[in-house]
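Values reported hereafter were calculated over all heavy atoms of this structure, with side chains retained and with hydrogens, waters and symmetry mates removed. We count ligands from 1, going down the list as the structure has it; atoms in each ligand are counted the same way. Just so we're clear, the structure is a prediction, and the values are computed from it rather than from any experiment.
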Amino acid sequence: MAREFDFYIVPTPIGNIKDITLRAIEVLKSVDLIACEDTRTTQKLLNHYDIKTKCFSYHKYNERERVGYFLQELSEGKKIALVSDAGTPMICDPGAVIVSELTNAGYSITALPGACAVTTFLSEIPRIGEEFAFIGFMPRGEKQIEDVCKRFVGHNFVFYESPERIIKTLKTIRSVRGNVKIALGRELSKLFEEIVVDEINDVIEHFNDGIKGEIVCMVYADSETDKSEMDFQIKELKSKGFKDKEISVILSTLCGFNKNEVYKKSLEM
Ligand code: SAM
């Protein structure tokens with residue numbers, strides 16, 4: 001039998017309506033109330049899964065005033081689930097205030113695993129190592145974007161951005177980091193899902209005619225950008241008939257790459 005909690009944080013799909021767990025549906029059916037950002041958005045999901053639970057709105061503008069209502073309902077023994085419009089609550093979505101208040105008040109809280117744009121994206125792009133920094137939404141100011149680029153120069157960093165601002169943001173990133181390697185994910189789990197992994201110049205060029213949909217982006221650490229440059233050079237020399245050993249000597253001498261690393265990589269290709 002599943003353990004019972006007072007308050008459930010429940011992820012909902014980020015695009016494909018089927019991306020919801022059996023447990024999430026079960027919890028949404030069993031609780032007394034569902035707190036959601038936009039009742040119309042959540043109601044569509046509830047209708048699809050024939051969930052009859054009553055929902056009430058809870059968003060960043062009424063987060064504080066809703067706390068009293070939550071506490072009152074919980075004190076009467078009611079169970080509540082929190083959802084956002086899409087994905088995981090509290091990942092660039094409201095919920096932080098209520099979770100902090102309910103924790104202080106001693107209520108039991110649990111979060112269900114589920115859909116989230118940043119983790120979906122990270123599990124489908126090429127990466128070396130596990131480390132990454134998540135910025136949330138990229139700040140709007142040019143100076144703030146430059147600061148992020150400088151602060152995370154040695155790390156892969158991931159951010160959310162709107163289609164209206166992404167090209168301008170990429171150009172600001174380029175002004176600080178040069179032709180760095182990036183990955184851009186668009187419309188994940190939807191019909192027009194697209195992943196582009198390339199140098200920033202080529203990504204900007206790729207979206208020359210405009211870009212639509214929901215976007216998540218990662219700027220690779222400088223070390224990984226160097227590696228992509230190394231891979232490119234190895235491929236070029238291989239296509240011209242150079243042997244692995246020759247390639248390692250050429251690239252270590254001319255580009256300063258580690259000779260053994262180049263040799264190993266060249267053998268693998
Ligand atoms: N809570 C959500 C999550 O778990 O990912 C994020 C909510 S935030 C308000 C919305 C932003 O997440 C979008 O502007 C976009 O940057 C990103 N996002 C959400 N769904 C996405 C998708 N299907 N593909 C790409 N990015 C997505």
Side-chain angles (χ1 to χ4, degrees), residues 7-21 23-25 27-28 34-42 44-45 48 55 57-63 81-100 109-127 132-140 144-145 148 152 156-170 172-173 182-198 200 203 206-207 210-219:
F7 193 80
Y8 296 83
I9 294 151
V10 181
T12 54
I14 57 167
N16 188 322
I17 198 158
K18 292 184 180 163
D19 290 332
I20 185 162
T21 67
R23 184 170 168 226
I25 296 169
V27 166
L28 293 177
I34 299 170
C36 53
E37 279 187 278
D38 182 335
T39 47
R40 287 162 305 179
T41 305
T42 300
K44 282 186 201 145
L45 180 77
H48 187 87
C55 36
S57 85
Y58 169 76
H59 44 71
K60 63 180 176 187
Y61 303 107
N62 70 3
E63 208 170 350
L82 172 74
V83 299
S84 62
D85 282 349
T88 300
M90 293 196 350
I91 302 296
C92 292
D93 273 336
V97 173
I98 186 67
V99 165
S100 152
I109 300 174
T110 192
L112 275 58
C116 177
V118 59
T119 49
T120 304
F121 177 61
L122 285 170
S123 56
E124 68 175 303
I125 56 164
R127 285 187 299 135
F132 68 91
F134 179 52
I135 310 300
F137 274 105
M138 184 60 110
R140 292 190 181 196
Q144 291 163 298
I145 300 173
V148 169
F152 294 104
N156 297 327
F157 72 85
V158 187
F159 63 92
Y160 289 161
E161 184 55 289
S162 74
E164 292 78 29
R165 278 193 300 274
I166 185 70
I167 296 299
K168 189 163 181 277
T169 297
L170 294 182
T172 306
I173 293 169
I182 69 165
L184 189 145
R186 201 172 66 80
E187 296 287 85
L188 303 183
S189 80
K190 304 186 201 177
L191 193 58
F192 296 106
E193 167 167 327
E194 182 181 21
I195 298 278
V196 183
V197 183
D198 215 327
I200 200 164
V203 177
H206 179 82
F207 292 112
I211 178 166
K212 286 188 183 144
E214 298 202 272
I215 293 161
V216 51
C217 187
M218 184 172 95
V219 176

Problem - Qualifying side-chain hydrogen bond (donor to acceptor under 3.5 Å, both in side chains) pairs with a residue from residues 82-97, counting only residues at least two apart or across chains - result: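 For residues 82-97: S84-D93.
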Exercise for the section: Indicate yes or no: at least one non-hydrogen side-chain atom of V10 is less than 4.5 angstrom from one of L28. Expected result: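 Yes, side chains in contact.
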Exercise for the section: Find out whether T12 and T42 are in side-chain contact, i.e. whether some heavy atom of one side chain is under 4.5 Å from a heavy atom of the other. Expected result: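 The answer is no, as the side chains (C-beta and beyond) never meet within the 4.5 Å cut-off.
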Practice task
Salt-bridge test for E37 and K60: reply yes if a basic N is under 4.0 Å from a carboxylate O, no otherwise.
Solution key: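 Salt bridge between E37 and K60, a charged N being under 4.0 Å from a carboxylate O: no.
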Problem - Test ring-ring contact (aromatic ring centres under 6.0 Å, His included) applied to F137 - qualifying residues, sequence neighbours left out - result: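 If we apply the ring-ring contact (aromatic ring centres under 6.0 Å, His included) test to F137, skipping adjacent residues, the hits are Y160.
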Run through all N or O atoms in ligand 1 and write down each protein N or O closer than 3.5 Å, as a pair with its distance.
unit_1	atom_1	unit_2	atom_2	d
ligand 1	1 (N)	A86	O	3.2
ligand 1	1 (N)	T88	O	3.0
ligand 1	1 (N)	I91	O	2.8
ligand 1	1 (N)	D93	OD2	2.7
ligand 1	4 (O)	T88	N	2.8
ligand 1	5 (O)	A117	N	2.9
ligand 1	5 (O)	Y160	OH	2.7
ligand 1	16 (O)	I215	O	2.6
ligand 1	20 (N)	E214	OE1	3.4
ligand 1	23 (N)	I14	O	3.0
ligand 1	23 (N)	L188	N	3.4
ligand 1	23 (N)	L188	O	2.9
ligand 1	24 (N)	L188	N	2.9

Problem - Residues that T169 engages under side-chain hydrogen bond (donor to acceptor under 3.5 Å, both in side chains), provided they are two or more places apart - result: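 T169: side-chain hydrogen bond (donor to acceptor under 3.5 Å, both in side chains) contacts with E161.
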